[in-house]
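Worksheet for the structure shown next.
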Amino acid sequence: MASWPILSVTVFLPLLGALFIMALRGEDASIARNARWVAMWTTLITFAISLILVWRFDAGSPEFQFVERRPWLAGTISYHVGSMASPCRS
């Protein structure tokens, strides 16, 4: 299965929803109603995608999972994210 940037989607989807809300036009009442709907759907979609992370996460692995690495700014900087299990404390 080809890997898609699931961590980046869960990080940046709320930002995309906020930008969409900022771009809404109309009357004050309709803006507020539409903003609530956009916020709710953005949150639900982000939550559903995060459930995929929980379902596919292997807590027994010490390695980073869902790793994404992309060159950025002509290769001088790279975008790198990954998730790792938190250490157990006894």
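Ala35 meets the side-chain contact (heavy atoms from CB on, under 4.5 Å) test with Ile21, Leu24; sequence neighbours excluded. In this view, Leu16 and Leu13 satisfy the side-chain contact (heavy atoms from CB on, under 4.5 Å) rule, not counting sequence neighbours. For Arg69, the side chain to side chain donor-acceptor pair (under 3.5 Å) partners at least two apart in sequence or on another chain are His80. For the side chain to side chain donor-acceptor pair (under 3.5 Å) test, residues two or more places apart in sequence or in another chain that qualify with Ser8 are Glu68, Tyr79.
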Please list, one pair per line, the donor and acceptor atoms closer than 3.5 Å that link side chains of residues 37-44 to other protein atoms, with sequence neighbours excluded.
from, atom 1, to, atom 2, distance (Å)
Thr42, OG1, Val38, O, 2.7
Thr43, OG1, Ala39, O, 2.7

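Atom CG of Leu53 and atom CD1 of Ile6 lie 4.0 Å apart (nearest 0.5 Å). Interatomic distance, Phe20 CZ to Leu15 CG, rounded to the nearest 0.5 Å: 14.0 Å. Taken from CD1 in Ile52 to CZ in Phe66, the straight-line distance is 9.5 Å, to the nearest 0.5 Å. Atoms CZ and OG1, on Phe47 and Thr10 in that order, are 12.5 Å from each other to the nearest 0.5 Å.
The two atoms that bring Gly82 and Phe64 nearest to each other are C-CD2, 3.9 Å, heavy atoms only.
Evaluation of the side-chain hydrogen bond (donor to acceptor under 3.5 Å, both in side chains) test over residues 15-24, restricted to residues two or more places apart or in two chains, returns none. A side-chain hydrogen bond (donor to acceptor under 3.5 Å, both in side chains) check over residues 45-55, counting only residues at least two apart or in different chains, returns nothing.
Alongside Leu73, the hydrophobic cluster contains Trp72, Ile77 (criterion: ILVMFWY side chains under 4.5 Å).
Leu7 and Leu51 sit in two unconnected hydrophobic clusters of ILVMFWY residues. Membership requires side-chain heavy atoms under 4.5 Å apart, directly or through other members. Hydrophobic clustering, with ILVMFWY side chains joined whenever heavy atoms are under 4.5 angstrom apart, keeps Val9 apart from Val54.
Using a 4.5 Å cut-off on side-chain heavy atoms (C-beta onward), Glu27 and Ile31 make no contact.
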